[in-house]
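For clarity, every value in this text was computed on a predicted model and none was experimentally measured.
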Amino acid sequence: MKTYRDSIAELSALTEALVEEHRAEEVRYRSILEGQPVAQRRADGLSWAPVKVVRTGFTMGGRPTVEVAADAGQAGAFRSGSAVQLSSADEKGEPVTYRGIVRAGRGLEAEVVLDGQDLPDQATHRTWTLDARFDERSFQEMAKALSDVLNAGSDGKVSRLAALREVILGYARTAPSVPESYAHPDLNASQCAAVAHALTAAEITTVHGPPGTGKTTTLVQLVKALVRRGEKVLCAAPSNAAVDLMVERLGAIGLKVARIGHPMRIDPAVVDRSLDRLVEADPDHKQVKVFRRQAEEAAREAEKQFRSFGPDQRAARREAYAEARALRKEANMLEAFLAERVVEGAEVICCTLVGAADRLLTGRRFGTLVLDEAGQALEPAAWIPIRAAERVVLAGDAAQLPPTVKHPAAIKAGLGVSLLEKAIQRDRNVHLLDTQYRMHADIMAFPNTRFYEGKLQAHEGVAAATLEGLAPLTFIDTAGRGWDEDRSSPEADKAGRSHASVRNPEEAAFTVDRVRELMAAHPSASIGVIAPYRAQVTLLEDLLHSERAGAEGRLTIQTVDGFQGQERDIMVIGLTRSNEDGTVGFLAEYRRMNVAMTRARMHLLIIGDSATLGSDDFYAAFTAHCEATGAYRSCWEWA
């Protein structure tokens with residue numbers, strides 16, 4: 001990690017890194033959308049054209065929607081959650097574009113929830129194009145947040161944000177505090193200590209939560225304690241899934257939670273706590289529905305076709321359109337008032353990091369920000385909600401999945417280092433949750449030594465839990481079998497990037513046999529299968545198709561990222577790489593392997609070629625650990 005003379009220099013370098021990432025992503029998308037003909041974009045699944053608007057309407061929360069049908073394109077190219085843009089030419093021939101998120105898609109039809117702006121009058125009479133789009137807003141909000149943090153206090157006035165900046169980044173000392181006395185029957189000693197310090201820390205508390213240590217449980221009790229003492233709390237995380245988990249857990253203990261975010265990206269399990277649903281549940285929302293129904297009637301009146309169309313009919317149409325617009329405006333104003341009332345009445349607001357820039361939160365202050373999964377958050381995104389907080393709790397594990405940064409120049413410039421990683425390295429009031437409740441002690445042992453300085457302990461309830469006939473940890477070495485990796489055929493992903501992936505057919509077949517044995521011997525156990533490369537995952541899915549179909553969700557096959565935050569009774573990891581050069585490639589991202597190794601509760605089976613892996617210190621150490629503990633086996637035993 002680089003060192004800087006002060007916080008301004010550090011954040012200035014971070015701004016340059018963000019610009020590098022933004023510029024590279026923008027160029028890539030532009031080259032696709034502008035550099036490729038529509039026919040090529042259609043073939044790649046990036047565009048539908050021509051598209052007709054079938055009908056317009058509103059969601060239950062009042063967001064404008066449009067249903068479209070395409071004459072040509074790749075069926076199923078746009079699914080729920082896809083970011084899209086709908087473009088056409090106006091009456092003067094000038095291009096107009098409307099952005100939105102796909103709510104539902106089927107074949108060559110889709111319903112799009114627009115980002116605030118209604119389609120123009122007579123939209124159904126135009127020809128449109130639907131394209132995948134670059135999500136510009138995230139970069140804009142991150143850049144604005146960095147600018148605000150950089151300039152905080154520059155006018156000579158006292159600035160809470162400037163104080164947080166200096167302390168969080170380690171350029172000023174934290175204010176001394178005496179932790180409150182805190183105890184809870186559902187929390188262990190390290191969890192209670194983390195809550196106690198977070199309740200009294202003046203600026204920042206860092207909760208380091210390794211796998212299975214009950215981080216979410218700890219944060220839920222912290223938020224409850226903060227609310228009880230009268231604080232309004234902001235909970236944020238980099239992913240919608242992490243936010244929705246907090247919403248579910250906080251709602252379950254009776255807190256008044258409002259989830260801010262696009263309704264198409266909120267889990268159905270918590271959608272009743274979304275802002276849209278809470279606004280709709282307000283008794284005064286009935287009037288909003290009345291206004292919208294009247295607006296639709298006026299719009300239908302304007303769309304009527306007349307046998308003879310003269311000045312009177314033209315005037316009547318203009319008047320009907322004007323009435324429809326006025327009624328929609330009334331509905332939107334009333335709904336905005338109701339949304340303000342919901343936010344004001346909530347005890348906890350939950351949103352993604354970029355979602356914290358929502359206009360409803362502009363100017364609001366929160367006693368505490370709880371930022372979960374902070375190890376996966378881009379630092380510029382983390383500063384978005386920090387701007388609204390008096391104090392900050394960073395929670396996560398810097399030894400698990402890092403932030404996603406796509407371009408090498410941005411990584412080199414430091415964008416891949418999370419604020420949590422900095423806080424842990426700079427000792428910003430760090431509290432380790434030291435007891436894990438997930439895995440057998442033998443499964444925990446190697447990751448504990450490599451990533452957590454041996455400080456973790458297994459709770460007595462899981463430390464010795466096993467499945468009959470299975471050792472907790474087994475490494476099967478495929479060295480000497482000649483099962484060499486190969487490359488899959490290059491293919492374009494949804495963003496238009498052409499790439500090839502690594503796969504190993506012989507290792508896959510061997511892995512499938514072991515999975516079938518495990519399923520037969522332990523029919524009630526949940527099983528996860530991890531491969532580091534998408535091509536290998538696809539191969540395993542094909543080979544285990546019938547088993548997955550009949551397993552009723554008991555068998556899951558994914559990349560490492562797909563298992564983040566999850567656990568299974570049995571985890572099988574196929575490392576895939578086997579070559580004469582000793583190249584491990586993607587496997588050198590050890591934090592991903594930490595995630596993979598710590599998903600298992602009672603049995604972890606890892607399959608790999610030690611001749612290839614032995615060139616890497618991490619895997620050489622793992623092989624040595626397995627040999628020393630009796631967990632090593634050779635695939636020749638199954639020859």
Side-chain angles (χ1 to χ4, degrees), residues 1 4-15 18 141-177 179 194 197-208 219 222-223 226 229 231-238 348-349 351-357 361-375 377-396 398 403 414 417-431:
M1 189 181 296
Y4 299 89
R5 66 178 183 275
D6 55 29
S7 64
I8 302 304
E10 182 169 345
L11 290 170
S12 296
L14 185 63
T15 301
L18 182 66
E141 296 298 348
M142 286 191 285
K144 185 177 186 305
L146 284 178
S147 176
D148 290 344
V149 177
L150 273 165
N151 292 306
S154 60
D155 56 1
K157 296 180 181 179
V158 176
S159 168
R160 182 58 178 168
L161 182 56
L164 288 175
R165 177 190 68 207
E166 298 305 306
V167 171
I168 291 173
L169 292 176
Y171 296 96
R173 292 184 178 181
T174 58
S177 63
H197 281 83
L199 288 171
T200 51
E203 297 95 0
I204 180 173
T205 303
T206 305
V207 179
H208 185 185
L219 296 182
L222 168 61
V223 173
L226 291 167
R229 74 181 191 186
E231 282 196 30
K232 196 178 188 75
V233 181
L234 177 62
C235 289
V348 186
I349 299 295
C351 59
T352 61
L353 303 179
V354 175
L361 301 184
T362 302
R364 292 185 184 275
R365 300 295 300 173
F366 294 86
T368 302
L369 162 68
V370 176
L371 202 167
D372 195 12
E373 299 295 353
L378 289 169
E379 183 182 339
W383 286 109
I384 296 173
I386 290 175
R387 294 176 301 176
E390 295 296 318
R391 303 181 310 126
V392 178
V393 176
L394 296 178
V417 180
S418 69
L419 199 55
L420 178 76
E421 187 174 353
K422 290 181 179 180
I424 292 174
Q425 290 195 2
R426 298 170 186 181
D427 195 20
R428 301 289 83 190
N429 195 16
V430 180
H431 296 277

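- Paired with E379 under the rule side-chain contact (heavy atoms from CB on, under 4.5 Å), one option of L146, L11, L420 passes, and it is L11.
- Minimum heavy-atom separation, A357 to I384: N-CG2, 3.9 Å.
- Judged by distance alone, with hydrogens and angles left aside, the side-chain atoms of R160 form a donor-acceptor pair with the main-chain N or O of E390 at under 3.5 Å.
- Between the CD atom of E10 and the CG atom of L150 there is a distance of 10.5 Å, given to the nearest 0.5 Å.
- Distance OG1/T362 to CZ/R387: 8.5 Å, rounded to 0.5 Å.
- Residue M142 forms a side-chain contact (heavy atoms from CB on, under 4.5 Å) with just one option from L378, L353, T15, and that option is L378.
- A423 approaches L394 most closely through the heavy-atom pair CB-CD1, 4.0 Å.
- For the residue pair A377 and P403, the shortest heavy atom distance occurs at O-CG, 3.5 Å.
- Within the 3.5 Å criterion, the main-chain N or O of A201 finds a donor-acceptor partner in the side chain of R391.
- Note that the CG atom of D148 and the CZ atom of R165 stand 11.5 Å from one another [nearest 0.5 Å].
- Atoms NE2 and CG, from H197 and N429 in turn, are 6.0 Å apart once rounded to the nearest 0.5 Å.
- A donor-acceptor pair under 3.5 Å is formed between the side chain of T206 and the backbone N or O of R428.
- Here the straight-line distance linking atom CG of L161 with atom CD of E166 works out to 10.0 Å at 0.5 Å rounding.
- Atom-to-atom distance recorded for C235:SG and F366:CZ is 10.0 Å, nearest 0.5 angstrom.
- Residue R229 places its CZ atom among more than 12 non-hydrogen atoms of other residues, nucleotides or ligands, all under 6.0 Å distant.
- The shortest non-hydrogen separation linking A145 to P380 is CB-O, 4.0 Å.
- P179 and T200 make their closest contact through CA-OG1, 3.3 Å (heavy atoms, listed as atom of the first residue, atom of the second, distance).
- Remark: the backbone N or O of A175 is paired with a side-chain donor or acceptor of E203 at under 3.5 angstrom.
- Other residues, nucleotides and ligands contribute at most 12 non-hydrogen atoms within 6.0 Å of the NZ atom of K144.
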Should W383 and I168 be marked as a side-chain contact (heavy atoms from CB on, under 4.5 Å) after you check the CA-CA gap, both sets of side-chain angles, and the distance that decides it?
CA-CA 11 Å; W383 286 109; I168 291 173; 4.3 Å; yes
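- The one candidate from L419, D6, I204 that meets the side-chain contact (heavy atoms from CB on, under 4.5 Å) condition with L169 is L419.
- The heavy-atom pair separating A162 from A152 by the smallest distance is CB-O, 3.5 Å.
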